[in-house]
Amino acid sequence: MTVITRFAPSPTGFLHIGGARTALFNWLYARHHGGQFRLRIEDTDRARSTPEAMEAIVDGMQWLGLDWDGEVVYQSQQADRHAEVARQLLADGNAYYCYCTPEELAEMREKAKAEGRSLMYDGRWRDRDPSEAPASVDPVVRLKAPQQGETIIEDQVQGNVKFKNDQLDDMVLLRGDGTPTYMLSVVVDDHDMGISHIMRGDDHLNNAARQAQLYKAMGWDMPVFGHIPLIHGADGAKLSKRHGALGIEAYKDMGYLPEAIRNHLLRLGWGHGDDEFISTEQAIEWFDVDGLGKSPSRFDFKKLDNINGYYIRQSDDQTLINLTLPGLSETIGRDLGEVDIERLTAAMPALKERGKSIPELVENAIFLTDTRPLEMDEKSASAVAGDAPKLLAEISVYLKSTEVWDHDALDACVRQFATDREIKFGMVAQPLRAALTGRAKTPGIFDVLTILGKEESLARVADISTKQA
RNA sequence: GGUCCCAUCGUCUAGUGGCCUAGGACGCUGCCCUUUCACGGCGGAAACACGAGUUCGAACCUCGUUGGGAUCACCA
């Protein structure tokens, strides 16, 4: 069987982290099995769908590197087909018109609640003669679902899940205005698109049973379901828009790399032995349902940071430079000049060893673009106090006479100075670092000297050494 | 409340009846490396929710309890 999966978000908001994981799993599953991965926008809810949200979803998918096969399907454009299916169901006696008013329905639920039953429609129009229909009500079309027996979902993740049919009411297929509901639309679209495997959040598990009844009524083959546990917020509750669920672009803005997000999401609800850092290629090779867990997981930013740091170290310098440039420019409030970019380029190999996110890279790169005289942070200020200026004046003599300005030569030079002066290496390195960068967190001192170049380095040192102690 | 799902360190997880005095990762923490910060290396604290049962033997199977979650729309 050819595997065809899909990701079917509703465009009522951004692409949030749970949706992104669902998309990733479906994408991985399709790629692993050499099948297709489709994207369908579920914009059945005309009122709540927005073009901005659709754009955000598409952008998010692209940023994550999840490419889909074929054209994007817009569910709303299939409305006629959905209605046609409803009419067929009606003609076959598998659906019926229901003339209940909203008030009646509300009353029904009140009563059910009071009696401790499920909040279900009681099927009062199921076998009622249409001649009794009130003229003032636009009827909805409901599925005539079986009332006896049970519906079993053979779920790839959850196993066999049984629902008693008397617990499932007759769901609305067509609204009073003739538009299809989600329940109808998903089933028809999944069928028409030939979707073979449906992987989605387990908040849809209950829906699956009712959808199964619809497949059955139409005589269609059922896709294979796989309901994956949800990602919860730090407090263990479902992630929702007002509950810590951020759009995927928020993660981008926070400086996370798509490969890091992918890796972290992959490990939420799926595992492959003790493997932690899993490349996308490996993920495609390994991903299958047997690695999926059944219990919900929580999103842990600390772990994401760690993973992101790993991928930053793995990234090539130019990519990182491109990502750092805009933030750096914004932070220092000016466009970057040629010299700035040269320095950033030279510094990136050292910078990326100690950054967990792009903003951190930016932060750590600021010293490169600072103009003299440098502002000192607290630690640096104390490092250049006291005898430091004198010491720096002496070391600058050594530095000045250095012919070759590279890491090894500078290393030898500064160590020679320390030896000559009979002081510990750290005693000279600390003031030097402070004078050169103004801060405590920096790349190695020889890297800093190399990156800044001889002229700038000596100038920065002179700013301190010539200051009256 | 009805229905459905879930339950191993704080978090993500490995574990599918003996290999478990429960492994890995993040985080926390001690030491080492070291010019700062990271990285890296070596250690440490930290979990099978509870109670029965099945079995020679249970984290793994069964039942119950407790706890958490999802869902019950003319939303998707």
Side-chain angles (χ1 to χ4, degrees), chain A residues 8-12 42-45 47-49 75 98 100 102 105-106 109 112-121 138-142 153 155 157-159 161-164 167-169 171-177 179 181-183 185-186 201-209 227 229-230 232 234 236-238 264 267-277 293-307 309-310 313 350-356 360 364 379-380 383 414 418 424-430 432-434 437 439-446 448:
Chain A
S10 63
T12 53
E42 311 233 306
D43 54 350
T44 311
D45 186 347
R48 294 198 299 151
S49 299
Q75 192 159 64
C98 167
C100 280
L105 259 14
R109 279 193 280 273
K113 197 169 185 178
E115 293 174 7
R117 302 194 323 265
S118 280
L119 280 26
M120 305 197 309
Y121 170 67
D138 287 329
V140 299
V141 173
R142 288 182 184 270
I153 299 298
D155 194 284
V157 179
Q158 309 287 345
V161 184
K162 295 177 194 167
F163 295 88
K164 293 223 175 357
Q167 293 295 330
L168 271 15
D169 65 358
M171 62 178 167
V172 174
L173 266 18
L174 247 35
R175 303 188 181 96
D177 64 3
T179 58
T181 61
Y182 161 79
M183 285 295 196
S185 299
V186 245
D202 69 9
D203 50 338
H204 284 284
L205 187 54
N206 291 283
N207 288 338
H227 289 91
L230 300 174
H232 288 166
K238 182 185 180 181
H264 189 230
R267 291 287 291 103
L268 251 35
W270 182 85
H272 186 268
D274 285 340
D275 296 301
E276 296 289 345
F277 295 112
K294 298 176 77 174
S295 53
S297 48
R298 303 183 189 201
F299 194 88
D300 182 4
F301 274 97
K302 287 280 177 50
K303 190 149 187 174
L304 209 212
D305 285 343
N306 178 267
I307 293 173
Y310 170 83
R313 272 173 265 135
L351 248 26
K352 74 180 182 184
E353 289 300 318
R354 58 208 88 214
K356 282 185 173 14
E360 214 176 311
N364 294 340
K379 273 190 178 174
S380 298
V414 178
K424 290 186 95 173
F425 179 73
M427 294 295 288
V428 53
Q430 288 321 315
L432 198 49
R433 175 191 323 285
T437 69
R439 55 197 71 218
K441 262 179 79 173
T442 78
I445 197 69
F446 308 119
V448 171

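Lettering follows sequence order; numbering is per chain, from 1. Here the structure is a predicted model, which means the values were calculated and not measured.
For B:C74, the OP1/OP2 oxygens have a side-chain nitrogen or oxygen of A:R142 closer than 4.0 Å. Residue A:K302 has no polar side-chain atom (N or O) positioned under 4.0 Å from OP1 or OP2 of B:A25.
Both A:T442 and A:D274 lie close to RNA chain B; mapped to their nearest nucleotides by heavy-atom distance, the more 5′-ward contact belongs to A:D274. Comparing A:L230 and A:K294 along RNA chain B, the residue whose closest nucleotide (by nearest heavy atom) sits nearer the 5' end is A:K294.
Across every strand in view, B:C63 sits in a pair with B:G51 that passes the Watson-Crick or G-U test at under 3.5 angstrom.
A:R267 places a side-chain N or O within donor-acceptor distance of the main-chain N or O of A:D275, the cut-off being under 3.5 Å. With hydrogens and angles ignored, the 3.5 Å screen pairs a side-chain donor or acceptor of A:D169 with a backbone N or O of A:Y121. Checking side-chain atoms of A:T437 against main-chain N and O of A:T442 turns up no donor-acceptor pair under 3.5 Å.
Atom P of nucleotide B:G15 and atom NE2 of A:H272 are separated by 10 Å, given to the nearest angstrom.
A:I445 comes within 4.0 angstrom of a base, heavy atoms only. Nucleic acid contact class of A:R109 (heavy atoms, under 4.0 Å, all strands): sugar-phosphate only. Here A:P443 lies in heavy-atom contact (under 4.0 Å) with a base. Nucleic acid contact class of A:G309 (heavy atoms, under 4.0 Å, all strands): none.
Rounded to a whole angstrom, the distance from the C1' atom of B:C50 to that of B:A45 is 25 Å.
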